[in-house]
Every structure is written in C-alpha cells, then in structure tokens.
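Take a look at the structure set out below.
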Amino acid sequence: MTDTTHSIEPDTTDAQLDRLLDSAAAAAPLWEDRTPHDRAAVLVAIADALEAHADGLVAEAIIETGLPQARLSGELNRTCVQLRMFAEELIDGTFLDVIIDRADPDFVLGARPDLRRYQIPVGPVLVFAASNFPFAFSVAGTDTASALAAGCPVVLKAHPGHPRTSAATADVVAGALSAAGAPDGTFALISGFRAGTRALEDPRIAAAAFTGSVAGGRALFDIAAARPNPIPFFGELGSVNPAVVTAGALDERAEAIASGFVGSFTLGAGQFCTKPGILLVPAGSPITEQITTLAQQVPAARMLTAKIAEGYHHRIEEAAAAPGVEVLVKGTASTGESGVPEVTPTLLRTTAEQLVAQADTLLEESFGPAAIIAEYGTEDEVNRVLNGVDGTLTVTVHTRTEPTPDEREQLRSLTRIAATRAGRLVFNGWPTGVAVTPAQHHGGPYPATTAVSHTSVGTTAIRRFLRPVTYQDAPEVLLPAPIQERNPLAIPRTVNSAGQSSTWGRAQS
C-alpha cells in the first residue's frame with residue numbers, strides 16, 4: 001500500500017455490481033444493529049488506517065492530480081478529522097433525536113398513547129466521489145463518513161480523475177472495516193459511468209450523494225426522482241458565491257480586500273465550489289486596478305483534468321463575449337508534463353446592471369481561476385444582483401469593522417436578501433476554506449444543492465441518511481434500545497416535552 005503503482009480499477013461489470021449491491025443490502029441490517037459506540041470505534045479505525053498509509057496515498061494523489069503535497073496532506077488530515085468527529089457524534093447520541101411522550105389518559109387533547117420516536121438509517125447509500133477533493137470528498141470523505149456513521153453501507157462510485165488514488169484509499173478503508181469486524185458489504189468501490197447510473201437506478205440503493213457539476217448532478221438527480229420508488233439525492237452542484245464590498249470597507253482596508261479576493265478566487269486554480277466568482281464593488285473604486293495587478297502576478301496552475309479545463313475555457317469565452325463585459329486579465333493556457341492544461345487567471349469587468357441583464361450568461365459558475373468584477377452605483381443595484389443569483393453556497397459581505405447607523409440599515413436589507421440565496425453568509429472574510437465544525441452549513445438553494453435543508457460538511461451531515469420512525473404503544477421487549485424505557489445506551493432524550501400545559505392545548509382548539 002505504500003508504493004504508487006496501484007493499478008487502475010477496470011469498470012465494474014453488471015455482474016460485479018449485482019454482487020456488491022447484494023452484499024450492501026445484506027450488510028444493512030447488521031450494520032444498523034451495531035451500537036453507536038461500536039460504529040464509532042470502526043470510524044476511528046478507518047481514520048487510524050488512513051493516517052498509517054498517508055505517505056503512500058498522498059504520493060499517489062500528487063501524481064494523479066498535480067495538487068501540492070501540503071494541500072493533499074492537509075486534506076487527508078481533514079478526512080481523518082471528519083471521521084473522528086462523526087465518531088464523537090455517535091458517542092454523544094443526540095443524532096438519534098429521541099423523543100418520548102409517555103401514555104397520558106389526562107392529556108389535554110384526549111387520552112394520549114405511548115409514543116417513542118427516533119432516527120433509523122435509510123439503507124445502502126450510493127456516493128459519487130468529487131474531482132476536486134481526492135480525499136475529503138472522495139472515497140473516505142464526508143459523504144462516506146456520515147453515511148457509515150448513520151448506519152448505512154456505502155457503495156462508492158470512484159471519480160475518473162483520480163482512479164489509482166481511489167483504489168488505494170478504498171483498499172485502506174476496506175481493510176480497516178474488516179479488521180474492525182464490520183459486516184461484509186459495509187463498503188464497496190465501483191468504477192465506470194454505467195455502473196454509477198445502474199446503481200442509482202437499483203432498488204437496493206436507498207439514497208445518494210454527489211458533488212460535481214450542475215449538468216452531471218442534475219442528470220443523476222432526475223434519475224433518482226424518476227425511479228419507481230424515488231430516493232433522496234443529496235447533490236452539491238454549482239455556486240457563484242458573490243461577494244459584496246461596501247465603500248466603508250474600502251476606506252478601511254482596500255489593499256487587504258484586493259489581495260484576499262485574488263487569493264481566494266485563484267486558490268487551487270479556482271477549482272473550489274466556494275470560489276468567489278463575482279465581486280461587487282463601488283463604481284470608480286481603485287480596487288479594480290489593484291485586483292488586476294495582483295491577478296496578473298498569479299502563476300499558472302494545473303487544472304484537475306483535461307475535461308474540466310475544456311469546460312472552463314468554454315465558459316470564460318462565453319462570459320467574455322457577453323455585451324458590456326471587458327477583459328481585464330486574459331488568462332493563458334499551456335500543457336504541462338502531465339498533459340493536463342495549466343492556466344493563469346482570467347479577470348472580467350462589467351456593471352451590476354449588466355450582471356442582471358445578462359444573468360443567464362454571467363451569473364453562472366466558472367469552475368476555474370476566473371472572476372467578474374461588477375461595479376455598482378447604488379445599494380439597490382446590489383440587491384437586484386443578489387435577487388438575480390440562483391441558489392448559492394455562500395454570499396460574502398465586506399463592510400466597515402464598525403458600521404455606521406446608516407450602513408447598518410443598508411446591510412440589514414442586503415443580508416436578508418443574501419440569506420434567501422445562500423446557505424452561509426461570510427462577513428469580512430472569504431468563503432474558501434470551509435471550517436469542518438458542527439455549526440457549519442455547506443449547502444444552499446438549488447442549484448447549489450438539491451436538498452436545501454441539509455449540509456455536506458459538519459456533523460449534521462449525518463441527518464441526510466436517517467429517517468424518523470415512531471413506535472406507538474409497543475411492548476417494552478420489542479422496543480429498540482434507544483427508545484427503551486430503561487435507556488440502556490444512555491442516549492440523550494426529550495421526554496414529555498410539550499402539550500403538558502392545558503393552556504397551550506385549549507388555545508389551539
């Protein structure tokens with residue numbers, strides 16, 4: 001496992017896929033029956049195994065993706081941290097959302113039965129790995145970790161952009177699961193477009209997760225919805241992540257905002273889903289020239305795949321040709337030793353009015369190191385732009401450290417609109433670099449995601465792969481452990497929480 005000569009997995013055949021899906025279906029009740037503490041120990045074992053094989057995995061990923069060692073090592077560490085965070089979530093037990101209302105013959109709305117509600121796993125989950133995070137959103141990434149934590153077997157569709165890294169990582173995960181005593185079929189790797197779509201159509205798959213393009217994600221979303229038994233599809237698709245800079249912010253720190261923006265939109269060759277693609281600045285501000293100068297100094301960086309590079313070039317040519325758009329920095333492209341293009345940034349300029357008028361062209365994601373500076377004259381123009389943005393992962397606002405009373409009122413209006421468009425509002429910072437914490441929400445209205453209520457980062461991501469069930473008047477001997485009266489697993493529970501006051505019940509009747 002420590003060498004970097006791992007062979008590319010051939011496409012999974014129909015027969016192989018059927019066997020793997022059979023194994024996942026058979027493993028589902030066995031994995032579900034493991035206590036949260038048992039599953040937590042398995043997740044920690046996977047993290048330990050990944051750390052033990054880190055050097056070989058990172059070396060393989062460097063060859064396949066061209067990403068720097070520091071980036072990949074940090075990403076692998078993030079992957080292990082995520083696994084351990086979900087283990088802690090399992091041990092805490094709150095994720096089961098146990099609510100118990102004991103029988104009450106004197107309940108204000110009439111005699112109440114004994115009701116016990118908790119969360120159960122949905123069943124085998126199909127995960128489509130992402131191209132831009134070969135560890136954190138790939139084989140052992142957040143989707144896999146949260147599904148396993150929920151008690152769901154995982155069938156992982158490898159991304160063709162890093163097949164050897166995927167196969168090597170899958171070997172580590174499978175070995176750790178086996179050594180920790182997880183049921184056979186708890187995890188499997190599949191390869192190939194046909195295998196992925198066939199698995200998504202298969203009734204043995206109960207939910208799916210995806211990170212990638214709008215076109216690819218929407219096609220898969222439609223397959224999941226068109227099944228005879230539609231299933232939840234948690235897709236993270238496209239996001240323009242607009243950023244707004246106020247005049248007050250420029251008065252305080254124009255240079256820092258300029259350098260921060262260039263660093264953010266070119267980070268990782270602009271191949272992050274949180275890249276700020278639109279920057280709204282006051283008309284006539286010298287920050288545009290500052291950003292132009294800094295963007296010209298950014299060296300060429302490798303795109304992840306030739307296909308991504310092709311889509312990027314098509315997208316920036318389309319945007320640059322739109323009416324009212326000026327090219328400030330024209331990116332260049334060259335082919336490196338890997339055969340994958342290396343590109344320098346592209347920077348465009350227009351007005352807020354043109355952004356709205358050309359929304360179909362300009363307010364779309366450009367996956368790569370490109371950005372549009374849009375100059376505005378009034379706060380109303382900013383609000384119209386934000387109202388015209390489709391769902392996005394983030395909206396960023398740069399304002400004065402201590403806004404004036406007039407600014408506060410304007411910002412309240414702006415942030416109300418931003419909150420309707422985005423899953424995360426960033427103030428006086430940049431959206432790249434997503435903190436992996438329980439409070440994180442990495443999601444947003446479509447097309448940012450296909451499930452606006454859920455996140456793919458942070459421990460609440462586990463909720464995607466759970467569903468509630470209530471037991472009514474069940475004999476104690478038939479109750480699952482989390483909702484038994486004696487609470488053998490010491491799960492946090494809400495008991496007789498509401499409706500005990502006759503005032504509430506009568507007011508509603």
Side-chain angles (χ1 to χ4, degrees), residues 30-54 73-99 117-122 125 127 133 135-154 156 169 172-173 175-183 186-187 207 209 234 423-424 433-443 453-468 480-483 487-494:
L30 303 176
W31 187 233
E32 176 183 354
D33 284 346
R34 295 295 179 90
T35 68
H37 280 68
D38 286 346
R39 292 204 299 270
V42 174
L43 294 183
V44 171
I46 296 173
D48 290 345
L50 289 171
E51 288 176 340
H53 292 85
S73 294
E75 190 186 324
L76 185 58
N77 178 61
R78 168 179 166 173
T79 304
C80 296
V81 168
Q82 288 174 166
L83 286 159
R84 293 193 171 99
M85 286 180 67
F86 282 113
E88 293 172 0
E89 186 77 359
L90 290 173
I91 292 170
D92 175 74
T94 306
F95 75 100
L96 289 169
D97 191 25
V98 176
I99 303 174
R117 182 185 191 271
Y118 80 123
Q119 302 282 345
I120 65 172
V122 297
V125 171
V127 173
F133 282 89
F135 294 119
F137 277 89
S138 189
V139 175
T142 181
D143 291 335
T144 295
S146 55
L148 289 175
C152 303
V154 170
L156 188 289
T169 307
V172 173
V173 173
L177 285 165
S178 178
T186 302
F187 173 86
F234 301 100
R424 177 164 57 108
V434 181
V436 182
T437 73
Q440 185 60 268
H441 186 79
H442 190 62
S453 299
H454 292 280
T455 179
S456 59
V457 177
T459 50
T460 55
I462 194 174
R463 296 178 185 175
R464 296 174 296 172
F465 309 118
L466 296 165
R467 69 172 183 87
I483 53 176
N487 196 9
L489 302 180
I491 299 293
R493 310 191 301 185
T494 300

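Predicted, not measured: the structure shown is a model, and the values here were computed from it. All residue numbers refer to positions in the sequence shown, counting from 1.
The shortest distance between side-chain heavy atoms of Met85 and Pro438 falls below 4.5 Å. Looking only at side-chain heavy atoms (C-beta outward), Phe137 and Arg78 come within less than 4.5 Å of each other. You'll find the side chain of Leu148 reaches within 4.5 Å of the side chain of Ile46, heavy atoms only. At a threshold of 4.5 Å between non-hydrogen side-chain atoms, the residues Leu43 and Glu88 do not count as touching. In this structure, the side chains of His37 and Leu90 stay at 4.5 Å or more apart for every pair of heavy atoms. Between Thr169 and Ser138 there is no side-chain heavy-atom pair separated by less than 4.5 Å. Arg424 has its side chain within reach of Val434: a pair of non-hydrogen atoms, C-beta onward, lies under 4.5 Å apart. Two residues are said to be in side-chain contact when any heavy atoms from C-beta on lie closer than 4.5 Å; Leu177 and Val42 meet this criterion.
Nearest approach of Ala140 to Thr79, heavy atoms of both residues: O-CG2, 3.2 Å. Closest of all the heavy-atom pairs between Ala209 and Arg464 is CB-NH1, 4.4 Å. Of all non-hydrogen atoms in Val457 and Ala461, the two that sit nearest each other are N-CB, 4.4 Å. Closest approach of Ala150 and Leu466 over heavy atoms only: O-CD2, 3.6 Å. Considering all non-hydrogen atoms of both residues, Pro492 and Thr94 come closest at CG-OG1, 3.8 Å. Cys80 and Glu51 get closest at one heavy-atom pair: SG-CG, 3.6 Å.
Separation of atoms CZ (Phe465) and CG (Asp143) is listed at 5.5 Å; rounding is to 0.5 Å. Atom CD of Glu89 sits about 9.5 Å away from atom CG of Leu96, to the nearest 0.5 Å. Ser178 contributes atom OG, which lies 13.0 Å from atom CZ of Phe187 (distance to the nearest 0.5 angstrom). One distance of note links OG1 of Thr186 with CG of Leu30; it measures 8.0 Å at 0.5 Å rounding. Between Thr455 atom OG1 and Phe234 atom CZ the span is 11.5 Å, to the nearest 0.5 Å.
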Does His442 form a side chain to side chain contact (heavy atoms under 4.5 Å, CB included) with Val436? I'd like the steps, not just the answer. CA-CA 10 Å; His442 190 62; Val436 182; over 6 Å; no

Would you check, one step at a time, whether the test side chain to side chain contact (heavy atoms under 4.5 Å, CB included) holds for Phe95 with Gln119? CA-CA 8 Å; Phe95 75 100; Gln119 302 282 345; 5.8 Å; no

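Side-chain N or O atoms of Gln440 include none that pairs as donor or acceptor with a backbone N or O of Gly458 at under 3.5 Å. A donor-acceptor contact shorter than 3.5 Å is absent between the side chain of Arg39 and the backbone of Pro36. In this structure, Ser146 contributes its side chain and Ile462 its backbone to no donor-acceptor pair below 3.5 Å. Of the possible polar contacts, none joining the Thr494 side chain to the Ile99 backbone as a donor-acceptor pair under 3.5 Å is found. Of the possible donor and acceptor atoms, one in the side chain of Thr142 sits under 3.5 Å from a partner among the backbone N and O of Ser456. The backbone N or O of Phe86 sits nowhere less than 3.5 Å from a side-chain atom of Thr459 that would complete a donor-acceptor pair.
Ion pair Asp97/Arg463 not flagged as a salt bridge, since none of the NZ, NE, NH1 or NH2 atoms sits closer than 4.0 Å to an Asp/Glu carboxylate oxygen.
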